Amino acid sequence: MSFRAVQQGTVAEAEEYEEVEYEDDEEYDEEDDEEVDEDEEEEEDFDGQIEEGGAASPAQTRAWGGIQNLPEPTQRSFLELLQQLKKNNKRELTVLLLGKSMMGKSSTANSLFNETVAQVTSFQQDTARPQAIKRSAHGFELTVIDTPGLLDSDCVNTSALKSIAHMLSDTPVDVVLYLDRLDFYRVERTDQEIMSAITNTLGPKIWRNTIIGLSHGKAVAPRGSTQEICD
């Protein structure tokens with residue numbers, strides 16, 4: 001901006017104004033540069049935190065330490081199974097545990113991994129929501145999904161089934177293990193209702209890869225009692 005075209009009497013004032021305006025702009029630019037430098041430093045610090053701490057990277061699956069403590073024949077059989085799966089380009093397996101409360105779902109998860117991945121105590125309430133537990137070994141990943149009990153008092157726990165269905169919407173399942181107690185030798189009306197609810201909520205295809213697992217096999221029947229297997 002030129003102030004030379006201004007009347008002679010105001011040239012000095014214009015020049016003075018021009019000088020002041022330039023100083024203000026210079027000071028403003030310096031402040032801008034400082035703000036930009038601070039922003040760049042913050043970005044560098046944030047990038048450094050991501051690189052060092054890995055806060056922005058996805059969580060890595062924990063190593064499956066329990067597999068090394070399995071009996072040697074079991075380890076050998078398991079590794080042979082892993083090799084067969086790898087030949088079929090299968091490097092991960094997901095197992096879904098289903099059943100009523102106190103059927104041994106969490107205990108089964110601990111047994112499968114051969115380590116404590118779920119807390120189990122007497123009279124413990126089931127997990128409130130489905131939990132995916134992952135472990136990796138020899139380039140293979142095993143996921144076990146522990147789920148809430150499917151019976152709430154004498155009614156089907158529909159909220160639990162809905163939460164399971166929501167989780168399975170983006171998690172394909174390879175094997176379903178439905179657990180019941182061996183010492184519960186009668187099929188109750190609620191058992192039939194649970195089966196129907198599973199079919200209606202998760203779809204009839206859920207039964208194609210389902211295995212029935214019986215827990216509490218060491219339970220001893222009371223003396224003098226007789227057990228009859230009912231159809």
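Keep in mind the model is a prediction, meaning the values are calculated, not measured.
When side chains are defined from C-beta on, P130 counts as touching P148, because their heavy atoms get closer than 4.5 Å. Residues L150 and V156 fail the side-chain proximity criterion, which asks for heavy atoms closer than 4.5 Å. Looking at L98 and I198, their side chains come closer than 4.5 Å, going by heavy atoms from C-beta outward. Side-chain contact between Q192 and V187 is present, with at least one heavy-atom pair separated by less than 4.5 Å.
Applying the salt bridge (Lys or Arg N to Asp or Glu O under 4.0 Å) definition to pairs two or more places apart or across chains, those involving residues 67-81 are E72-R76. Applying the side-chain hydrogen bond (donor to acceptor under 3.5 Å, both in side chains) test to every pair with at least one member in residues 153-169, sequence neighbours left out, gives these pairs: N157-S159.
Every residue was checked against the side-chain hydrogen bond (donor to acceptor under 3.5 Å, both in side chains) condition with K86, not counting sequence neighbours, and none meets it. For S77, there are no side-chain contact (heavy atoms from CB on, under 4.5 Å) partners, not counting sequence neighbours. By the side-chain contact (heavy atoms from CB on, under 4.5 Å) test, T143 pairs with T94, A132, K134, E141, I145, sequence neighbours left out.
Rounding to the nearest 0.5 Å gives a distance of 15.0 Å between CZ of R135 and CZ of F140. One distance of note links CD1 of I133 with CD of E115; it measures 9.5 Å at 0.5 Å rounding. Here the OG atom belonging to S215 is positioned 8.0 Å from the CG atom belonging to L182, to the nearest 0.5 angstrom. Taken from OG in S136 to CD in E92, the straight-line distance is 11.5 Å, to the nearest 0.5 Å. The structure places CG of L161 at 10.0 Å from CG of L168, a figure rounded to the nearest 0.5 Å. Note that CG of L142 and CG of L93 are 6.0 Å apart. Values are rounded to the nearest 0.5 Å.
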Next item on the list: Could you walk me through whether Y178 and I194 pass side chain to side chain contact (heavy atoms under 4.5 Å, CB included), step by step?
Entry: CA-CA 11 Å; Y178 186 90; I194 288 174; 3.7 Å; yes
Item checked: Verdict with reasoning, T116 to N110, per side chain to side chain donor-acceptor pair (under 3.5 Å) -> CA-CA 5 Å; T116 303; N110 292 337; 5.2 Å; no
Margin query: Determine whether V176 and N209 satisfy the following criterion, side chain to side chain contact (heavy atoms under 4.5 Å, CB included), listing intermediate values before the conclusion.
Written below: CA-CA 6 Å; V176 178; N209 296 324; 5.6 Å; no
Checklist line | Steps toward side chain to side chain contact (heavy atoms under 4.5 Å, CB included) verdict (T108, M103) | finding: CA-CA 9 Å; T108 300; M103 293 295 115; over 6 Å; no
Give every donor-acceptor pair under 3.5 Å between a side-chain atom in residues 64-71 and any protein atom, sequence neighbours left out.
residue: W64; atom: NE1; partner: F113; partner atom: O; Å: 2.9

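Considering all non-hydrogen atoms of both residues, A165 and T201 come closest at CB-CG2, 4.0 Å. For the pair A160 and G149, the tightest heavy-atom approach, listed with the atom from each and the gap, is CB-O, 3.9 Å. Closest heavy-atom contact between L82 and A137: CD1-O, 4.3 Å.
Looking only at distances, no side-chain donor or acceptor of D174 sits under 3.5 Å from a matching main-chain atom of V95. A donor-acceptor pair under 3.5 Å is formed between the side chain of D191 and the backbone N or O of E188.
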